[in-house]
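Source: prediction; values computed, not measured.
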Protein chains: 2
Amino acid sequence: MSSQPSGVESKKEYHHGDLRRQLLEAVRELIEENGPEGFSVAQACRRAGVSTAAPYKHFKDRHEIMRGVLLLAMERMRQVMQDAADAWPAGDPSRIVALGQAYVDFARNEPGMFQMMFGHSGRHDQSPELEAAGERTGAVVKIVVAEHFNRPVDDPVVQLRAYAAWSFVHGHSFLCLDNKIPFEMPAETEHALLVLVGKAILPDPSAHAGQDHGGG
Amino acid sequence: MSSQPSGVESKKEYHHGDLRRQLLEAVRELIEENGPEGFSVAQACRRAGVSTAAPYKHFKDRHEIMRGVLLLAMERMRQVMQDAADAWPAGDPSRIVALGQAYVDFARNEPGMFQMMFGHSGRHDQSPELEAAGERTGAVVKIVVAEHFNRPVDDPVVQLRAYAAWSFVHGHSFLCLDNKIPFEMPAETEHALLVLVGKAILPDPSAHAGQDHGGG
DNA sequence: TCGTAAAGTTAGCATTGCTAACATATGTTT
DNA sequence: AAACATATGTTAGCAATGCTAACTTTACGA
């Protein structure tokens with residue numbers, strides 16, 4: 001067993017032992033502190049206590065670092081959404097609202113991450129792994145919507161309605177972070193908004209059974 | 001009249017004559033070509049044919065350049081939305097769909113600008129003028145929604161519903177640019193989506209007169 | 001035990017944002 | 001018209017950054 005320090009930095013050794021993970025964490029912190037633009041590899045190095053050349057033993061370039069950071073963030077997002085869904089029984093309309101709330105909450109709790117994940121269309125910060133992680137997150141939404149409509153996940157109705165709901169919470173999240181909401185919105189109003197739009201886009205299928213939920 | 005060149009670059013004179021505008025245009029081009037991250041003041045200088053120090057006679061720093069670029073972009077956005085609204089008579093439900101389509105189309109036509117305007121929450125790239133321009137754009141939406149519901153623009157119902165609709169097209173625009181749509185979406189499907197969500201969030205007030213459109 | 005590879009280091013390059021000091025054109029005042 | 005003030009260019013140079021090259025130290029397996 002090597003004497004690799006875990007968690008906090010211990011006595012200075014030549015080999016850091018946990019650099020990769022600490023770099024990812026340092027970058028995450030910097031982005032949350034200074035915004036998506038406000039970070040540099042050099043800053044992260046200082047924070048991790050290594051030279052500015054050290055990261056390139058672990059990552060090809062700064063974009064690969066970003067990909068690592070984003071992958072972890074996407075996994076956190078999937079987790080909080082899964083937890084929100086699990087807090088309600090399948091089929092309960094509150095489940096969808098909770099899911100949307102979890103999405104918005106993640107954006108508010110990790111605004112830097114959220115903006116890096118979705119706001120840049122960063123060509124360089126893309127990867128198959130990240131894409132797969134994104135699809136796992138999207139799957140959470142689709143499954144809940146499918147259960148809501150009691151249809152298979154690949155049903156066109158489910159696809160379209162799930163996407164419409166996602167678009168809404170996605171846009172709302174961005175507008176929140178940008179302080180673009182043109183009126184007061186306390187938590188209750190936001191909840192009401194989610195309920196309102198949830199009902200509108202994902203109407204209870206048992207209520208008006210004959211209705212066409214597909215649209216076009 | 002001085003011999004200042006207009007439009008294309010003419011014979012090289014010591015004084016450029018149109019640098020401020022050409023820099024803004026060069027930056028806009030670079031962002032559309034290389035993405036929101038992929039531009040530098042130096043590149044814009046090369047494109048405008050001046051030294052890298054020249055911009056600082058016109059702008060305080062790179063953020064002031066960005067603010068200028070974003071201000072012009074926001075004005076273009078307001079214009080295309082106003083035009084879309086003007087293409088339909090007041091009260092026509094198609095007007096709202098056209099407005100949403102114009103929003104999404106702007107994002108697709110100027111993806112770099114759209115992402116710079118909304119995707120960064122750029123602390124440094126903010127200004128009172130830009131904020132005012134943003135509110136003018138938002139006003140177009142609010143007015144159309146107010147006419148739709150036949151209520152004053154500051155009516156809470158109008159505020160909330162207009163915001164909900166904006167959130168949706170905003171999110172959809174981002175997801176489009178990020179290639180995050182999990183299924184095929186030709187233009188007709190997108191139109192159908194806009195109609196579907198438009199009806200859901202902004203139901204025709206004449207149809208179900210007694211309905212509560214506020215959602216409290 | 002020893003050699004190899006992993007994972008650090010320092011030195012250095014090109015690019016960038018920005019400033020300082022200088023140069024040139026513009027145009028107003030007499 | 002001459003002279004000056006101002007606007008708007010220039011070159012030179014600084015510090016920070018991303019990244020590479022060459023070297024050094026440590027860990028681990030044959």
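Taking atom CD of residue Glu64(B) and atom C1' of nucleotide dC18(C), one finds them 14 Å apart after rounding to whole Å. Spacing between atom CG of Leu23(B) and atom C1' of dG9(D) amounts to 12 Å, rounded to whole angstrom units. The CD1-C1' distance, from Ile65(A) to dT17(D), rounds to 12 Å in whole Å. Rounded to an integer number of Å, the gap from CG of Leu30(A) to P of dT17(D) is 11 Å. Between the C1' atom of dT20(D) and the NZ atom of Lys60(A) lies a distance of 14 Å, rounded to the nearest Å. In this structure, Leu19(A) places its CG atom 16 Å from P of dT26(D), rounding to the nearest Å.
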TODO: Determine, for nucleotides 11-17 of chain C in 5'-to-3' order, which nucleotides have protein heavy atoms under 4.0 Å from the base (write B), from only the sugar-phosphate (write S), or from neither (write -).
DONE: -----SS

Under 3.5 Å, side-chain donor or acceptor atoms of residues 68-80 of chain A against the rest of the protein: list the pairs with distances, not counting sequence neighbours.
| unit_1 | atom_1 | unit_2 | atom_2 | d |
| --- | --- | --- | --- | --- |
| Glu75(A) | OE1 | Arg78(A) | NE | 3.4 |
| Glu75(A) | OE2 | Arg78(A) | NE | 3.4 |
| Glu75(A) | OE2 | Arg78(A) | NH2 | 3.0 |
| Arg76(A) | NE | Glu110(A) | OE1 | 3.4 |
| Arg76(A) | NE | Glu110(A) | OE2 | 2.9 |
| Arg76(A) | NH2 | Glu110(A) | OE1 | 2.7 |
| Gln79(A) | NE2 | Asp83(A) | OD1 | 3.1 |

Could you go through residues 191-201 of chain B and list every donor-acceptor pair under 3.5 Å that involves a side-chain atom there, pairing it with any protein atom two or more places apart or in another chain?
none

With a cut-off of 3.5 Å and sequence neighbours excluded, list every side-chain donor-acceptor pair involving residues 93-104 of chain B.
| unit_1 | atom_1 | unit_2 | atom_2 | d |
| --- | --- | --- | --- | --- |
| Ser94(B) | OG | Asp92(B) | OD1 | 3.4 |
| Arg95(B) | NE | Ala85(B) | O | 2.8 |
| Arg95(B) | NE | Trp88(B) | O | 3.2 |
| Arg95(B) | NH1 | Glu147(B) | OE1 | 2.5 |
| Arg95(B) | NH2 | Ala85(B) | O | 3.4 |
| Gln101(B) | NE2 | Asp105(B) | OD1 | 3.2 |
| Gln101(B) | NE2 | Glu190(B) | OE1 | 3.0 |
| Tyr103(B) | OH | Trp166(B) | NE1 | 2.9 |
| Tyr103(B) | OH | His170(B) | ND1 | 2.8 |

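With DNA chain C read from its 5' end, the first of the two nearest nucleotides for His63(B) and Lys57(B) is the one closest to His63(B).
Within the 4.0 Å cut-off from OP1 or OP2 of dT9(C), at least one side-chain nitrogen or oxygen of Ser51(A) is found. Between His58(A) and dA6(C) there is no side-chain N or O to OP1 or OP2 distance below 4.0 Å.
Remark: His148(A) pairs with no residue by the ring-ring contact (aromatic ring centres under 6.0 Å, His included) rule, at least two apart or across chains.
Pairs engaging residues 34-84 of chain B under the ring-ring contact (aromatic ring centres under 6.0 Å, His included) rule: His63(B)-His124(B) [sequence neighbours left out].
Side-chain N/O atoms of Asp86(A) and Gln82(A) include a donor and acceptor closer than 3.5 Å.
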